[in-house]
Protein chains: 2
Amino acid sequence: MPAAAIRARARAEMISEIKMIARRHLETEGANLSLRAVARDMGMVSSAIYRYFPSRDELLTALIIDGYHALGDAAEAGDAEVTDRADLRGRWLTVCHSIRRWALAHPAEYALLFGSPVPGYAAPQDTTAAAARTPAALIGILTDGFAAGALTDPGPGELPGPVQADVATVRATLFAGLPEALLARGATAWIHCFGAVSFELFGQLNGVIEARKEYFDHQMRQMCDLIGLP
Amino acid sequence: MPAAAIRARARAEMISEIKMIARRHLETEGANLSLRAVARDMGMVSSAIYRYFPSRDELLTALIIDGYHALGDAAEAGDAEVTDRADLRGRWLTVCHSIRRWALAHPAEYALLFGSPVPGYAAPQDTTAAAARTPAALIGILTDGFAAGALTDPGPGELPGPVQADVATVRATLFAGLPEALLARGATAWIHCFGAVSFELFGQLNGVIEARKEYFDHQMRQMCDLIGLP
DNA sequence: CGTCGTCAAGAGCACTGCTCTCGAAAATGT
DNA sequence: ACATTTTCGAGAGCAGTGCTCTTGACGACG
């Protein structure tokens, strides 16, 4: 192995160690991540971190992208563990529960992805591809179902004109195999999944609903009905 | 007016001026509110703020409670502006749009109420009463509709056991006039309203949906269907 | 007039992100 | 084998943060 490759390797390991420690701090301290604290934990001086990340925001961006991929992995793994591929409702519910379980296991990372945007921080374009993986896992179930004839197209009549135009664009770029109306219903269900997880995680359910998992399941089943999943 | 009353009045005005300036900072700077900046804007020294708020968290709590009340006001005002009180769907949609409009007009305050919880900050019990006003405005529409015979009770069969127990508690303490199943459907619709607003406000819709208002309206109508609003 | 409570100011502590400079070490070029 | 360039970590320093403590001024009340 040439020396340059060794250096690159050491550098990559350094970067991943910084991210690991930063993630650990994130879990206990929340979104206001301290570079100095991370540096302290690594036995380095704070300025040394800047050799690997040009700013705190760049480190946050890296953590966000990693987070989107981790959530996407969880969603895809959830879908994959359903052996009966024709059980669309089972697949949908399993993916939703996988999303919720990941969020409960990594609350700070979830808040970073889906919570209030960090002030003065604009998510760069790089994040969108990673962010699309989780909804893509959900919509993929609908695509499978429509291809198998288990889902019927409600027809474009239920979408208002401007919305249909937006949905058509998304359909053209990502989900060519699915009618617009079904895609829109899937988006509604995905948004409700996000809403239910956020509502629970951000404390809005405190003192109101104790049977969290059952309540989430109930809502996701309502969304399955809305989509028309058999 | 006795001197003590004058002092109390000056104190109250001082407190409300601090909150006003803090709100202004919140709108431009986001959640990480700087006490020193607020003090600078008031022509005071930072330590003087502590005469009125024992800590930054206490100031945030005051802003949160004010925010919940402002949102509750907006929701109730939205409901009140529908003259045809029997038009349940119109009232529901108007309230939802009022909520969204308030959120768009006060994004930082909305994020404070419904976004990622501030790390190390636990919302005190005082906030829950104020927080309940907005969902109460929505559920009140359903109560009216059920009392008028325009809404039919779907029956308790659609709720899983543990969820029904939680819903029964809420019903007993707040919404005695509404069947549990309808209350649960209303809660689902309220959560979706929150989810749709947060999804939009927290940037998840960027580059995907441009017809924001129409898309929101479409989703809220889907929720009206789910509730069974005529 | 003296006392007491209220208020703002100022200094100071420990912390933050970030920049700059400097020295050591390693890799590269001749 | 020697000289040069690149890479990396350390340290100092700047401007900012929340918060505490002390000090001094002012008005109200006995």
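Note: hydrogens, waters and symmetry copies are ignored here, and every other heavy atom, side chains too, is used. So you know, we letter chains A, B, ... as the sequences are listed, proteins then strands, and number each from 1.
The side-chain hydrogen bond (donor to acceptor under 3.5 Å, both in side chains) search around A/Y110 returns A/S198, not counting sequence neighbours. Partners of B/R171 according to the salt bridge (Lys or Arg N to Asp or Glu O under 4.0 Å) rule, which considers only residues two or more places apart in sequence or in another chain, do not exist here. When the salt bridge (Lys or Arg N to Asp or Glu O under 4.0 Å) test is applied to B/E76, the partners found at least two apart in sequence or on another chain are B/R133. Applying the salt bridge (Lys or Arg N to Asp or Glu O under 4.0 Å) criterion to B/D66, with sequence neighbours excluded, gives B/K19, B/R23. Scanning for side-chain hydrogen bond (donor to acceptor under 3.5 Å, both in side chains) contacts around B/R91 gives B/D79, B/D144, with sequence neighbours left out.
Remark: P of C/dC7 and CD of B/E17 are 15 Å apart, rounded to the nearest angstrom. In this structure, CD1 of A/I15 is placed 14 Å from C1' of D/dT7, rounded to the nearest angstrom. Here the P atom of nucleotide C/dC7 and the CD1 atom of B/I49 are 13 Å apart, to the nearest Å. Separating the OH atom of A/Y52 from the C1' atom of C/dC18 is a distance of 18 Å, rounded to the nearest angstrom. Between the P atom of C/dG10 and the CE atom of B/M44 lies a distance of 13 Å, rounded to the nearest Å. For the pair A/M14 CE and C/dA26 P, the computed distance is 15 Å after rounding to whole Å. If you take CE of A/M42 and C1' of D/dA10, they are 15 Å apart, rounded to a whole angstrom.
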Please tabulate, one pair per line, each protein N/O and nucleotide N/O from nucleotides 14-20 of chain D that are separated by under 3.5 Å, including the distance.
residue	atom	partner	partner atom	Å
D/dT17	OP1	B/S34	OG	2.9
D/dT17	OP1	B/R40	NH2	3.3
D/dG18	OP1	B/L33	O	3.0
D/dG18	OP1	B/L35	N	2.5
D/dG18	OP2	B/L35	N	3.2
D/dG18	OP2	B/R36	N	3.0
D/dG18	N7	B/R36	NH1	2.4
D/dG18	O6	B/R36	NH1	3.0
D/dC19	OP2	B/Y50	OH	2.9
D/dC19	OP2	B/R56	N	2.9
D/dC19	O5'	B/Y50	OH	3.3
D/dC19	N4	B/R36	NH1	3.4

With the criterion being N/O to N/O and under 3.5 Å, what pairs connect the protein with nucleotides 23-27 of chain D, and how long is each?
none

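Residue pairs meeting the salt bridge (charged side-chain N to carboxylate O under 4.0 Å, His left out) criterion with at least one partner in residues 92-110 of chain A, sequence neighbours excluded, are A/R100-A/E200. Evaluation of the salt bridge (charged side-chain N to carboxylate O under 4.0 Å, His left out) test over residues 211-224 of chain A, restricted to residues two or more places apart or in two chains, returns A/D217-A/R221.
The distance from the CG atom of A/L93 to the CZ atom of A/F216 is 9.0 Å, given to the nearest 0.5 Å.
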